[in-house]
Amino acid sequence: MHELIDIIKGKVASIRQGNNHVGKNVILLLLTQMVNYLFPLLTMKYLIITIGVDYFGRISFAQAFLLYFTIITDYGFNITATRDIARNSQSPQAVSRIVGSVYAAKFLLLLLCTFVYIATILLSDRFNSDITLYIMFWGVVVGACLFPQWYFQGIQRLGQITIVNITIKVLLLMSVFVVINDKSDYIYVPLIYSASFIIAGTYASIICFKDCHFIRYIHITDIIKAFKEGFPIFISSSMSVILNGSSVFIMGLIVTEELIGYYSGFDRIIRACILIFAPITTAIYPHISELMVQQKAAGIRYIKRAAKYTLFLAIAIALMLILTSDFIIPIFFTREFLNYKMVLYVLSAWMIFSVANNFIGVQYLTCIGQSKLYAILMTFSGIATVLLILFLTQKYSCYGTAFAILIGELVLTVTMLGSIKIKKL
């Protein structure tokens with residue numbers, strides 16, 4: 001405990017001196033993520049009461065569908081571009097070439113995804129019955145594609161965009177309370193979300209362009225290289241979505257919208273808790289990447305120490321959610337959600353393994369050049385998870401879904417640790 005206190009004091013002191021980029025980035029990313037997820041969490045109860053659990057489930061299903069297109073347009077650049085920019089931060093021209101190639105690649109992917117998305121919602125009865133909802137939601141993918149968080153992480157200058165990003169999203173998300181007044185107003189929810197993402201993404205991309213004028217550095221060879229280098233991470237990220245984010249979407253193909261609403265409510269609580277860890281793991285990644293190049297042993301020690309304290313926090317939060325569920329659930333939802341609190345218990349356990357797997361897979365395996373191995377293991381676990389969701393959801397409804405993603409995460413943990421031991425990585 002004394003060691004932890006000393007480390008925290010040291011971090012605070014160095015942040016005050018302006019010398020600790022990692023500590024600053026943790027704080028800035030935490031603020032950004034709080035707006036992205038926690039503020040919508042605060043509006044969740046209002047939406048459930050105003051539009052009903054069934055329409056809330058409909059919106060959650062649409063967001064789960066969008067997640068697939070978001071991960072495609074990202075293509076793993078949040079990891080590879082961050083890493084490459086961090087390693088070339090002393091060369092403005094190299095950074096500009098990386099930014100240009102990534103933006104060009106993301107634009108091509110966005111065009112492809114737009115075509116597929118429109119074709120899907122027009123040709124499928126499951127989607128075209130509420131076509132306006134899906135069209136209005138597409139702005140979320142466009143805005144996420146525009147927002148170059150990977151650039152500002154790589155150069156460790158997140159402060160430039162954090163305040164404006166927070167202000168824009170808080171103001172627009174607060175409009176939920178003004179615009180959404182009855183059940184028929186549910187259609188304005190995707191419009192509000194899309195507007196916040198597009199405005200924030202446009203602003204950040206303008207700053208990025210002013211920094212490095214990346215358009216003049218776009219070359220076809222760099223774009224091809226970006227696609228090649230990002231592919232293993234893209235596969236692992238895609239499988240991560242299947243492993244962690246497909247539950248609501250697959251449920252929507254099997255169960256009622258009301259059950260989706262109950263499950264997705266608890267799912268959002270857990271993902272809001274994961275936000276606490278996301279800024280930590282995201283901010284330390286460029287630092288670990290540099291350490292692994294300079295001195296691998298120092299990088300491994302850094303990972304172990306960060307993982308120890310982060311996992312301790314994850315376990316504490318999971319226990320708190322379980323022990324205080326009867327008090328927490330009525331605050332965020334309605335009392336009817338108490339009938340499904342077992343879902344919250346299972347997802348709390350899943351959160352612990354999800355955090356652990358980030359340190360094993362992203363922070364360690366990708367930083368030692370084992371991205372392909374990580375992608376293979378993620379693919380195996382993702383396929384297993386989908387099969388489990390399909391089977392267990394049909395038999396045990398939303399409870400089966402929760403247990404399926406927990407088992408899938410456990411499979412990933414075991415296979416990664418086993419591979420590290422067998423291959424002596």
Side-chain angles (χ1 to χ4, degrees), residues 30-67 70 130 133 136-137 140 166 168-197 244-245 247-249 251-252 255-276 278 317-318 320-322 324-348 350-351 398 401-402:
L30 181 58
L31 288 172
T32 302
Q33 295 286 44
M34 282 175 65
V35 172
N36 286 344
Y37 293 95
L38 290 184
F39 195 85
L41 189 65
L42 296 176
T43 64
M44 184 166 54
K45 184 173 184 177
Y46 177 79
L47 287 175
I48 291 171
I49 294 172
T50 306
I51 67 176
V53 178
D54 53 344
Y55 275 86
F56 178 73
R58 184 179 297 189
I59 289 170
S60 298
F61 177 75
Q63 289 176 313
F65 183 49
L66 284 174
L67 187 61
T70 302
D130 211 346
L133 175 75
M136 287 186 173
F137 252 135
V140 170
I166 289 173
I168 291 170
K169 292 192 175 179
V170 166
L171 289 175
L172 286 168
L173 289 171
M174 282 180 66
S175 63
V176 167
F177 297 105
V178 177
V179 177
I180 313 299
N181 297 308
D182 56 52
K183 202 162 191 172
S184 62
D185 292 333
Y186 84 96
I187 199 67
Y188 298 119
V189 174
L191 186 62
I192 292 170
Y193 274 74
S194 291
S196 65
F197 274 84
N244 303 329
S247 52
V248 174
F249 180 74
M251 277 185 68
V255 303
T256 64
E257 290 176 341
E258 185 177 7
L259 279 174
I260 298 171
Y262 286 119
Y263 179 90
S264 62
F266 292 127
D267 184 70
R268 292 185 188 207
I269 284 280
I270 295 300
R271 294 188 190 282
C273 291
I274 289 178
L275 294 180
I276 298 170
I317 291 173
M320 182 199 71
L321 288 174
I322 293 170
T324 63
S325 59
D326 289 343
F327 173 74
I328 291 174
I329 290 173
I331 292 176
F332 288 100
F333 314 106
T334 59
R335 295 198 65 83
E336 287 75 16
F337 277 74
L338 287 169
N339 298 324
Y340 299 91
K341 64 182 179 181
M342 179 59 70
V343 172
L344 180 64
Y345 297 167
V346 178
L347 292 179
S348 297
W350 164 79
M351 175 182 66
C398 54
T401 308

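When Tyr46, Phe266, Phe56 are each tested for a ring-ring contact (aromatic ring centres under 6.0 Å, His included) with Phe333, only one passes: Phe266.
Between Ser194 atom OG and Leu66 atom CG the span is 8.0 Å, to the nearest 0.5 Å. Rounded to the nearest 0.5 angstrom, Tyr188 OH and Met136 CE are separated by 7.0 Å. Within the model, atoms CZ of Phe197 and CD1 of Ile192 stand 13.0 Å from one another, a figure rounded to the nearest 0.5 Å. Distance check, rounded to the nearest 0.5 Å: CD1 of Ile328 to CG of Leu338 gives 11.0 Å. To the nearest 0.5 Å, atom CD1 of residue Ile180 and atom CD1 of residue Ile49 are 14.0 Å apart. Distance check: Ile48 CD1 to Asp54 CG gives 11.0 Å after rounding to the nearest 0.5 Å.
Between Asp182 and Ile51, every side-chain heavy-atom pair lies at or beyond the 4.5 Å cut-off. Between Ile274 and Trp350, the closest side-chain pair of non-hydrogen atoms falls below 4.5 Å. Residues Gln63 and Ser264 fail the side-chain proximity criterion, which asks for heavy atoms closer than 4.5 Å.
Smallest separation of non-hydrogen atoms from Phe249 and Phe65: CE1-CD1, 3.5 Å. Closest non-hydrogen pair, Cys273 versus Met351, comes out as CB-SD, 3.6 Å. The two atoms that bring Tyr263 and Ser247 nearest to each other are OH-OG, 3.2 Å, heavy atoms only. Considering all non-hydrogen atoms of both residues, Met251 and Thr401 come closest at CG-OG1, 3.3 Å. Here the closest non-hydrogen pair linking Ile260 and Gly57 is CG2-O, 3.5 Å. Listed here is the closest heavy atom pair of Lys45 and Pro330: NZ-O, 2.8 Å.
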Tabulate below the donor-acceptor pairs under 3.5 Å that side-chain atoms of residues 340-348 make, not counting sequence neighbours, or state none.
residue	atom	partner	partner atom	Å
Lys341	NZ	Asp326	OD1	2.8
Tyr345	OH	Ser325	OG	3.0
Ser348	OG	Leu344	O	2.7

Run the numbers on Thr334 and Phe337 for side chain to side chain contact (heavy atoms under 4.5 Å, CB included), then give the verdict.
CA-CA 6 Å; Thr334 59; Phe337 277 74; 3.5 Å; yes
For a side chain to side chain contact (heavy atoms under 4.5 Å, CB included) check, start with the C-alpha distance between Tyr262 and Glu336, then their side-chain angles and the critical distance, and finish with the verdict.
CA-CA 9 Å; Tyr262 286 119; Glu336 287 75 16; 3.6 Å; yes
Passes side chain to side chain donor-acceptor pair (under 3.5 Å), Asp130 versus Tyr186? Steps please.
CA-CA 11 Å; Asp130 211 346; Tyr186 84 96; 3.0 Å; yes
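With hydrogens and angles left out, the side-chain atoms of Thr256 and Glu258 include no donor and acceptor closer than 3.5 Å.
Because its NZ or CZ atom is both nearer than 6.0 Å to the ring centre of Tyr55 and within 45° of the ring axis, Arg58 counts as a cation-pi partner of that residue.
At distances below 3.5 Å, at least one donor-acceptor pair connects side-chain atoms of Asp185 with backbone N or O atoms of Asn181.
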